[in-house]
Asks: 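My questions all concern the structure below.
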Amino acid sequence: MPRSSNRQPLDFRHDRTSMAQSSEILNHESSYQVSFLINDLRKPYGHSPAVGETAEPDWYLQEWMAHFQKKQASLTNELGWNKGRANHIWHSKQEYKRDLVNEVSAWLGIAPYELLMPPAEALQLRALKQSALAIAASVQSSR
């Protein structure tokens with residue numbers, strides 16, 4: 001009497017040798033092909049644009065600090081923050097809040113809304129505002 005083997009017959013779906021050696025492997029549970037290459041290259045972000053990192057920063061603290069020739073150490077030395085808080089705020093690991101924006105903008109001598117735009121754009125808006133005020137003053141005096 002022949003001995004029976006304990007091995008189960010291989011199911012075709014789980015036999016690795018029968019699978020194609022490319023990035024597109026036939027999914028036997030459906031009629032579509034599954035592409036692993038495309039899925040593997042996707043970034044691990046959610047479907048919502050609010051999830052994940054954005055290309056633009058929330059505020060321009062580092063750019064303004066560079067504009068005024070200040071370094072990260074200035075936050076601890078001049079504002080009295082501890083190194084951990086300065087590091088988290090410098091690297092945008094902590095969300096900014098109104099009181100933080102007001103504190104930093106007062107220290108830098110700029111308007112709070114200017115921290116939310118690049119220095120070049122804020123300086124252009126200042127120049128535009130001054131020009132508009134000068135034009136309005138000249139029109140007012142000519143009347």
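FYI, the numbering just counts along the sequence from 1. FYI, side chains are in, hydrogens and waters are out, and symmetry mates aren't considered; it's all heavy atoms of this structure.
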Asks: Show the nearest heavy-atom pair for residues Trp81 and Arg85, with the distance to one decimal.
Replies: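 Residues Trp81 and Arg85, closest heavy atoms: NE1-NH1, 3.1 Å.
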Asks: Are the side chain of Asn77 and the backbone of Ala73 linked by a donor-acceptor contact shorter than 3.5 Å?
Replies: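 Yes, because the side chain of Asn77 sits within donor-acceptor range (under 3.5 Å) of the backbone of Ala73.
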Asks: Are Leu116 and Leu123 connected in the hydrophobic side-chain network, where two residues link if heavy atoms are under 4.5 Å apart?
Replies: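 Shared cluster, no.
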Asks: Go through the structure and list residues passing side-chain contact (heavy atoms from CB on, under 4.5 Å) with Gln62, not counting sequence neighbours.
Replies: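 Gln62: side-chain contact (heavy atoms from CB on, under 4.5 Å) contacts with Trp90, His91.
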Asks: Suppose we screen for salt bridge (charged side-chain N to carboxylate O under 4.0 Å, His left out). Which residues come up paired with Lys70, at least two apart in sequence or across chains?
Replies: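 In terms of salt bridge (charged side-chain N to carboxylate O under 4.0 Å, His left out), with neighbours along the sequence ignored, Lys70 is linked to Glu78.
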Asks: For the residue pair Leu108 and Phe68, what are the closest heavy atoms and their distance?
Replies: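 That closest heavy-atom pairing would be O-CZ, 3.6 Å.
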Asks: Return the minimal non-hydrogen interatomic distance between Gln72 and Asn87, and the atom names on each side.
Replies: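 Of all heavy-atom pairs spanning Gln72 and Asn87, the closest is NE2-CA, 3.1 Å.
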Asks: Determine, using the 4.5 Å side-chain heavy-atom cutoff (strictly less than), whether Leu79 and Met65 are members of one ILVMFWY cluster.
Replies: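 Yes.
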Asks: Who pairs with Tyr113 by ring pair (Phe, Tyr, Trp, His ring centres under 6.0 Å), at least two apart in sequence or on another chain?
Replies: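 Not a single residue meets the ring pair (Phe, Tyr, Trp, His ring centres under 6.0 Å) criterion with Tyr113.
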Asks: Roughly how far, to the nearest 0.5 Å, is the CZ atom of Arg98 from the OG atom of Ser105?
Replies: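 So the OG of Ser105 and the CZ of Arg98 are separated by 12.0 Å.
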Asks: Return the set of residues passing salt bridge (charged side-chain N to carboxylate O under 4.0 Å, His left out) with Glu95 (not counting sequence neighbours), or none when no residue passes.
Replies: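 Counting only residues at least two positions away or on another chain, Glu95 forms no salt bridge (charged side-chain N to carboxylate O under 4.0 Å, His left out).
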Asks: Report yes if some heavy atom in the side chain of Glu63 is under 4.5 Å from a heavy atom in the side chain of Pro119; otherwise report no.
Replies: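 Contact flag for Glu63/Pro119 side chains = yes.
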Asks: Who pairs with His88 by side-chain contact (heavy atoms from CB on, under 4.5 Å), at least two apart in sequence or on another chain?
Replies: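 For His88 the side-chain contact (heavy atoms from CB on, under 4.5 Å) partners, ignoring immediate neighbours, are Lys93, Gln94.
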Asks: With under 30° as parallel and over 60° as perpendicular, where do the rings of His67 and Trp64 fit, or are they tilted in between?
Replies: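 Perpendicular: the ring planes of His67 and Trp64 meet at over 60°.
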Asks: Output every pair passing salt bridge (Lys or Arg N to Asp or Glu O under 4.0 Å) with a member in residues 111-138, not counting sequence neighbours, ordered by first then second residue.
Replies: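 Found Glu114-Arg126.
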Asks: Which atom names give the shortest non-hydrogen contact between Trp59 and Ser92, and what distance separates them?
Replies: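 Where Trp59 meets Ser92 most closely, the heavy atoms are NE1-OG, 4.1 Å.
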Asks: Any chain of hydrophobic side-chain contacts (each under 4.5 Å) joining Ile89 to Ile110?
Replies: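 They do share one cluster, since a chain of ILVMFWY contacts under 4.5 Å joins Ile89 to Ile110.
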Asks: Please answer: with hydrophobic residues joined when any side-chain heavy atoms are less than 4.5 Å apart, are Tyr60 and Leu100 in the same cluster?
Replies: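 Same cluster: Tyr60 reaches Leu100 through Ile, Leu, Val, Met, Phe, Trp or Tyr contacts under 4.5 Å.
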Asks: Of all heavy-atom pairs between Val101 and Leu115, which one has the smallest distance, and what is that distance?
Replies: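 It is O-CD1, 3.7 Å.
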